[in-house]
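Here is the structure we will look at, set down as structure tokens.
Throughout, protein chains are lettered first and strands after them, A, B, ... in sequence-line order, and every chain is numbered starting at 1. Side chains included, hydrogens not; waters and symmetry mates left out as well; all remaining heavy atoms used.
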Amino acid sequence: MRLLALDTSTEACSAALSVGDAVLERSVEAPQGHAGLILSMVEALLAEAGVALSALDGIAFGRGPGSFTGVRLAASVTQGLAFGAGLGVVPVSSLRAVAWQAIGVSAAAHDGVLVCNDARMQQVYWCAYRPGVDGLPIALMEEAVGAPESVLRPAGNAWLGAGRGFRAHPALANLVPGTPTDAFDLLPQARAVLALARPDVAAGRLLPPSEALPIYVRDEVAKPSSARPSSS
Amino acid sequence: MRILALESSCDESAVAVLDDGRGLLSHVLHSQVDLHQAYGGVVPELASRDHVQRLLPLVERALAEAGTCADELDGVAYTAGPGLIGALLAGAALARSLGFAWGLPTLGVHHLEGHLLAPLLEPDPPTFPHLALLVSGGHTMLIEARGLGDYTLLGDTRDDAAGEAFDKSAKLLGLPYPGGPHLARLAERGRAGRVVLPRPMLERPGLEFSFSGLKTAVLHAVRALPASAGEAERADIARGLQDAVVDTLIAKAVRAIDATGLDALVVSGGVSANHSLRERLGSAARERGVRVYYPRPEFCTDNAAMIAVAGLARLAAGERDAPGIRARAQWPLVSLRPPAAMGADA
């Protein structure tokens with residue numbers, strides 16, 4: 001399977017390309033620089049693999065939640081590349097990507113992964129996952145955004161915590177005792193987006209390019225003027 | 001040469017296909033006016049979110065309506081600034097990625113250069129050099145245009161743009177969003193001379209504008225209305241505001257004509273669709289033997305056809321984007337240069 005994946009939903013900017021079982025990737029932590037980097041990463045990966053964009057089976061992207069500008073960048077680039085090359089797309093959750101990465105970090109048996117990505121504004125994007133039979137994480141709830149105090153751990157004691165939300169809000173670590181702290185450094189990576197998109201591509205569950213759209217989760221971004229407190 | 005062009009600098013998503021031989025093959029647009037209405041102004045984050053959903057379907061429509069496909073295109077242009085950064089990035093990222101996938105050159109275009117060149121879409125277009133009056137909700141500029149990318153700013157506004165004076169006054173008069181066109185319609189029913197507002201900066205030499213004082217004058221006029229005042233009195237205020245803005249624009253444009261000796265005037269931007277401005281500027285220019293050029297009304301406001309004109313001119317001259325996806329919220333028009341092969345106009 002030839003699959004390209006992008007993720008620019010956080011400080012990390014990454015692209016990955018699978019050709020058969022091999023996965024090539026580029027990833028840097030470059031706050032602000034994503035727009036300048038992502039296309040050249042794609043170009044470098046295609047050149048390294050010697051594959052034309054139009055020869056791919058699809059394009060996957062981290063659809064958020066995350067930085068508004070970042071998730072829009074990945075969505076827009078995915079739209080343009082996919083439409084231009086006549087390919088289908090697979091949106092992948094940026095929280096689920098981190099859950100997949102955490103499962104790889106810890107070999108120990110656990111009930112599941114509690115992912116908290118930093119959402120700024122004293123909030124986290126979060127979701128809880130249990131590992132499925134194929135090892136891919138299955139969401140146990142709707143993705144949420146909220147204050148760290150609003151994060152709930154599902155039943156069970158052996159929960160892994162993952163994501164930079166645990167770094168931004170250290171008290172969250174109390175929910176996930178024994179988690180290797182490496183997992184708190186995880187940012188969503190294109191490699192994970194690629195792995196999570198594989199089953200969809202194999203099953204032909206691809207969307208048209210115009211449906212490569214962000215999921216923001218944080219949807220209250222402005223108040224209608226009629227709802228604004230009036231000073232006069 | 002045939003190119004695709006995208007515009008997304010503010011609250012319109014637009015796409016056009018332009019061919020240098022056959023002319024404009026298609027232009028499609030989605031306005032976000034309804035989206036922002038409840039907020040009384042453009043909410044940048046909502047604008048960005050909408051562009052990401054609208055642009056690609058508009059690209060598909062523009063290509064279909066033009067009866068063309070990627071194989072027949074020679075480039076992709078898009079608005080790279082100035083404007084709302086998130087909105088601009090949505091268009092820049094899509095355009096650059098389409099160009100990458102199609103193996104076509106791309107070029108980020110200056111939004112105001114698009115407005116300046118919009119009259120080139122009309123039959124019997126202006127030639128260089130000429131004077132340009134660019135009037136919109138964001139800009140009020142007098143420009144001496146000697147050639148593509150050869151612009152001298154003769155006058156600018158010190159505060160609000162002319163269109164902003166219309167919009168803010170409309171709000172004070174309780175008109176629906178976006179207020180400018182509503183105010184102009186109300187002004188048509190107003191009586192001249194009933195409400196006289198100041199003509200800012202007219203007593204001073206030079207070509208600078210200042211419109212922020214007008215909204216205060218309108219506020220005072222609105223407050224002075226008796227409780228019994230109705231539509232007619234509000235129309236008088238709208239008329240007073242429109243006359244003050246139009247008088248000022250005409251007086252400065254005439255000064256610029258006299259100062260430069262140019263005999264062609266291009267008027268572009270959203271406010272250039274205003275009937276009163278067109279009528280009165282037309283007669284003032286005729287008296288001086290100056291010919292006035294306007295874009296058709298739909299190309300006065302933001303659109304992709306004008307971005308295609310600017311993009312095609314520069315792409316045809318060999319200008320190209322530098323690597324990466326880039327957009328600029330701020331980008332002075334006078335920093336533009338004539339087309340340079342390999343995108344050296346940074």
Interface residue of largest heavy-atom contact number with chain B, from A:L87, A:V77, A:L37, under 4.5 Å: A:V77

Is A:E29 atom CD crowded by more than 12 heavy atoms from other residues, nucleotides or ligands, each under 6.0 Å away? yes

Most chain A-contacting option - heavy-atom pairs closer than 4.5 Å, from B:A327, B:G91, B:A101, B:S97: B:S97

Say you draw a straight line from CD1 of B:I325 to CD1 of A:I38; how long is it, rounded to the nearest 0.5 Å? 8.0 Å

Toward chain A, the part of B:L63 with a non-hydrogen atom under 4.5 Å: side chain

A:L81 portion near chain B, given a 4.5 angstrom heavy-atom threshold: both

With a 4.5 angstrom heavy-atom cut-off, is it the side chain or the backbone of A:P214 that approaches chain B, or both, or neither? side chain

Side-chain (A:E43) to main-chain (B:F100) donor-acceptor, under 3.5 angstrom: no

Could you measure the distance from the OG1 atom of A:T78 to the CG atom of B:L56? Nearest 0.5 Å is fine. 11.5 Å

Counting heavy atoms not belonging to B:K171, are there more than 12 under 6.0 Å from its NZ? no

Euclidean distance, B:R49 CZ relative to A:Y216 OH, rounded to 0.5 Å: 5.0 Å

Quick one, B:L89 with A:L73, criterion side chain to side chain contact (heavy atoms under 4.5 Å, CB included). Give me CA distance, side-chain angles, the key distance, then yes/no. CA-CA 8 Å; B:L89 274 172; A:L73 177 66; 5.7 Å; no

Restricting to non-hydrogen atoms, name the atom on A:F83 and the atom on B:E60 that form the minimum distance, rounded to 0.1 Å. CE1-CG, 3.4 Å

Please look at A:S210 and chain B and tell me whether the side chain, the backbone, both or neither of the residue comes under 4.5 angstrom of a heavy atom of that chain. both

Heaviest contributor of heavy-atom pairs below 4.5 Å to chain A, chosen from B:V52, B:L55, B:L104, is B:V52

